[in-house]
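The chains referred to below are lettered A, B, ... by the order of the sequence lines, with proteins before strands, and numbering in each begins at 1.
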Amino acid sequence: AALFIAGRLRVAKGAAALLVAVAAGWLGLHSGSALAQAGGERAERDAPLVDPAARRAGLETVFAYVKTGDSRVDQVSEAGLRGLQQILANRTAIEPGAPAGVDPARDEIAVYAVLYWPITPDQDDLTDAAVRRLNAFMRTGGLLVVDSRDAHQTFGDGDGPNARHVRRLLEPLDLPPLAAIDRDHVLTRTFYILEDAPGRWPGEPIFAAVGSGGGAAAAGERDRAAGDVNDGVSPIIVGSVDWIGAWAVDARGRPLFPPGRGGDRRREMALRFGVNLAMYAYTGNYKSDQVHIDALLDRLDT
Amino acid sequence: MEGALTAVSDIALRPLIPTAAIIALAVVALGAVLAGFARGLKGAFLRLLSLAALLLALLNPALVSEEREALSDIVAVVVDESASQTLEDRAEQAAAAAAAVEAPIEALGAAGGGRRPIEVRRISAAASDEAAGTRLMTALTEGLADAPPGRLSGAILITDGAVADGDLRPTAVFPQGDGSLAGDAQSSAVAPAPVHVLLTGRPDEIDRRLVVEKAPAFGLVGEKAVFSFRVEQSGGDLESSASRLARVRAFVDGEPSAGGFARIGQTTDLSIPLKHAGVTVVELRLEAIPGELTERNNAVAFSVNAVRDRLRVLLVSGEPHAGERTWRNLLKSDPAVDMAHFTILRPPSKSAAASPQELALIPFPTRELFQEKLDQFDLIILDRYRRWGILYTSYIANIANYVREGGAILISTGPAFAGFESMYRTPLGRIMPAEPTARILEEPFRPEVTALGARHPVTRGLDGAGGGGADPSWGRWFRQIEVAALDGDVVMQGVDEKPLLILDRVGQGRVGLLASDQVWLWARGYDGGGPQAELLRRLAHWLMKEPELEEEALTAAPVAGGFVVERRSLAPGEKAVRSVGPDGAVSEIELTPAGDGLWRALVETDALGVHRLTDAEASQIALEGEKRRPLSAIAAVGPPAPAEFANPVSTDALLAPAAAASGGAVLRLSAGGAPEIRRVREGRSTAGAGWIGLTRRDAYAVRGVSMAALAPGWAYFALAGLFALAAWRVEGR
């Protein structure tokens, strides 16, 4: 009974937060005079006004996606992160709010932990402001997930049609050296133990920063990369299997796309990867530390 | 140089024609004369003389004469004016002795109308660098740097004999360099000048001193630091067993700790438990015996910096959230910290919809952590932890007890802290410094450091904190859990000046409460970001009782010519400390404000040794619980027993070899005053009963050389003519 009540309370709080956010949004839209009416020295001192979206992300767990300008793709992104939101709330201690779409050229992105970036061929090159924001985002511990969504269009082990756009769009960013992750990478065990990370398309290599996998060997590689303040957590994950499409659900929580070959099991695996991705963004190398936890606990006796 | 004189030193030949031609002429002349002898010429001998006179004229002999000037002999009088000479009446002894030898030397120089003058060089061996000890022979070397060995008549050292460079052999005194006597026939160098030593002090002096053999500079908290020392005694009777024992007392951080008898000359080990992190000052004091020469070498102080092996931090995150990696990045990058981290990834109420084999989740080892090994941690951080039904109430009660018994907890709250699942509603609530009001304030605000916080080491001088009327320049936060402070120090505040960061002491332990989960916004650089790394690092280390972050502290650090006293305090006002010098002199030191919560003073002193400092008002802010050491500090100025006093007993042992090698004497002034001075010729004995000798060098300088022909040219011809005439007369008869 206690847990039930607790659950209800959380829902109530969430609703309250949403109300506050809406109110803040309204205030934001009617800046100036409305603010002056709300009065208060503090409000004046806090000018310029806080972006309501940033504020919401500061208060609750919000997953963000990069708006591509292609409304169809953006709708799928929204639906995908909503699907991930549901799964996380149902199965884990993370209880996210509704996802947010952002334009790195204009919007505040420092408040998000995960920024999902679906690549489309007609996206314009990043503006200087976007480059600056994305670099700061990655430097301070954000996780940028880049998805070319074209694994079904590759033949053999070649690049898909979006690969050159991935390179074009990422080129101006400060990126660490990337490598395909192996089965020991912490991303495969931040929550679920994963053999594979399919999306709408079957598993393809996933790229992450060299040495970001956790463990002793990775730590060694990491030490060589001086100045890392993020505990060796990769600031970027690059894939091509359209995870966000596999997570996408409609307003009633039903999958938006057929799971393809592999059926519901593949969709389940895609969702589990989504859970792991979220855990990686929030807990970093926590699970790779736990490999050593027994040794640490044993040492406590000494 | 008054005694000028001229002396013929040589006869030089200056042939008028080449020597070979003269020899040829001589051969011809000799042949002619021999022929004359063979034929029985009566005048042959006279012919020989005549020819010889002509040849002599060709050789042209000349007289060489030098103009000489007598040079004074040099006598060095070296007076030891080092610190050890200030003991008892040594300084007066030395001054009297210097006067008593200089006057007769001048008299000797003036004797005989000043034809053999003596130059007295007075050399002071002041201890410019007391730490290095007296460098008497160095002073002698420098004082005689320009004196030629051939003029050095002797050196008289007036000293207590406690010198650091007794084996130095000045080349002016020992031209051979190695001090071997110039009995060696092949050595053409000048014989050494006698070095006489006139000792100040008494022959029956007694001194005991502490000699440190081993003093570790670092140690681990909870372990023992082992020091080794011995007591040495110079002079005095060591016959009876009682006289071979010395009473030594140890003081740790100014408090009496141990005491006992040490056998003189034997190494004694002393184990001092290091009870707290930071500097532990250990001082040993040797009890003086009656008649002891000085007590300045009866105390030594050393500091051991105690470090904790590894600080063990248990981070328990109630849920994965944006701030979790802020904590992880902080604790994992801190080389002093070993972190154990647990996160509730899935609450018991939820299903992961997977078989256990497919899950990387491990059960939270609650029993092991909160029952068995809790006391092994230095700090527990509850990061947005809530009552998930995972920790038994008894375990949570264990945490509260662990804190009271000297542990530390940081409660980094989240929204859940305001509600039903609040950790305040557990046994931990009783040690918390603030109570949630159930309100969550969700509006943008800039955290501020309170006036108290500006003086607190955890929050003092943070980048962007503003202060002095200026608003903070760091980024805004969005949520604060409203709490009512019950206890402790509110060092930061948020919305409407409500408490944001509260620090408190509970029992022997410490509690920190951060009434917001938004510090990660600083880490992410939102709205300009903020100094979260520095703030959280200090917060964690203050909780773990890092001495450098103590609110009330008194420290002293030696600097050149004194020491610097620093006082940290949360209480504003004037600060003063009481200082007890090595000689027991008590003084009050007024400290001047040096910024928020900081007072400082530079104390200039030449009193080498241990200065004990205590807070004058003993104005400890009543910091409840947690055993407080009295605010005291120890400044050890200079080496605790400088070389000067390492062995201050007057001794002949160090200088006797140099004296013996040069033919000098070692005499105690206390035995019969200054000795008679005599001038002796080179090679003669330079010391005897009641007198010391100065070698007469008779050195001179050549001012000029002149030459004069022995006889004018006509005189040779007249002589030759005379002999020729005589030969003619004899042969013509």
Interatomic distance, [X] atom [atom1] to [Y] atom [atom2] [nearest 0.5 angstrom]:
X         : Y         : atom1 : atom2 : result
Trp327(B) : Asp231(A) : CH2   : CG    : 15.0 Å
Arg325(B) : Asn285(A) : CZ    : CG    : 8.0 Å
Asp517(B) : Leu59(A)  : CG    : CG    : 8.0 Å
Ser317(B) : Tyr282(A) : OG    : OH    : 13.5 Å
Phe478(B) : Glu60(A)  : CZ    : CD    : 12.0 Å
Leu361(B) : Lys287(A) : CG    : NZ    : 5.5 Å

Closest approach of [X] to [Y] (non-hydrogen atoms, all atoms of both residues):
X         : Y         : answer
Tyr286(A) : Phe342(B) : OH-CA, 3.3 Å
Tyr526(B) : Val111(A) : CD1-CG1, 3.7 Å
Arg189(A) : Ala360(B) : O-CB, 3.1 Å
Pro320(B) : Met279(A) : CG-SD, 3.7 Å

Q | Test log, rule salt bridge (charged side-chain N to carboxylate O under 4.0 Å, His left out), inputs Arg272(A) and Glu358(B) | A | CA-CA 10 Å; Arg272(A) 288 184 182 182; Glu358(B) 294 173 312; 3.1 Å; yes
Just by distance, do the side chain of [X] and the backbone of [Y] share a donor-acceptor pair under 3.5 Å?
X         : Y         : result
Arg346(B) : Phe191(A) : no
Arg328(B) : Gly284(A) : no
Tyr192(A) : Ala354(B) : no
Lys350(B) : Ala89(A)  : yes

Which atoms of [X] come close to chain A, meaning under 4.5 Å heavy atom to heavy atom: side chain ones, backbone ones, both, or neither?
X         : answer
Leu521(B) : side chain
Ser351(B) : backbone
Trp477(B) : neither
Glu372(B) : neither
Glu368(B) : side chain
His321(B) : backbone
Ala340(B) : both
Leu330(B) : neither

Q) Can you find a pair of side-chain heavy atoms, one from Leu359(B) and one from Ile193(A), that are under 4.5 Å apart? A)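 No, their side chains stay 4.5 Å or more apart.
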**Q.** Heavy-atom check, side chain of Arg55(A) versus side chain of Glu442(B), under 4.5 Å
**A.**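 Side-chain contact under 4.5 Å: yes.
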Non-hydrogen atoms of chain B under 4.5 Å away: do they reach the side chain of [X], the backbone, both or neither?
X         : result
Asp289(A) : side chain
Ala278(A) : neither
Leu194(A) : neither
Glu195(A) : neither
Tyr112(A) : backbone

Q.
Among Val275(A), Thr283(A), Thr190(A), Thr92(A), exactly one meets side chain to side chain contact (heavy atoms under 4.5 Å, CB included) together with Leu345(B). Which residue is that?
A.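 So, applying the side chain to side chain contact (heavy atoms under 4.5 Å, CB included) to Leu345(B) and each of Val275(A), Thr283(A), Thr190(A), Thr92(A), only Thr283(A) qualifies.
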(Q) Quick check on Asn90(A): does its CG atom have over 12 non-hydrogen neighbours (other residues, nucleotides or ligands) under 6.0 Å away? (A)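 Enclosed: over 12 neighbouring heavy atoms sit under 6.0 Å from CG of Asn90(A).
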(Q) If you count every heavy atom of other residues, nucleotides or ligands that lies below 6.0 Å from Arg106(A) atom CZ, does the total exceed 12? (A)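 Open: at most 12 neighbouring heavy atoms sit under 6.0 Å from CZ of Arg106(A).
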Q. If you count heavy-atom pairs under 4.5 Å with chain A, which of Gly529(B), Gly318(B), Ala353(B), Gly389(B) comes out on top?
A.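 Looking at each of Gly529(B), Gly318(B), Ala353(B), Gly389(B) in turn, Ala353(B) comes out on top.
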Q) Who among Pro347(B), Gly323(B), Ala352(B), Ala523(B) has the most heavy-atom pairs with chain A under 4.5 Å? A)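 The candidate making the most pairs under 4.5 Å is Ala352(B).
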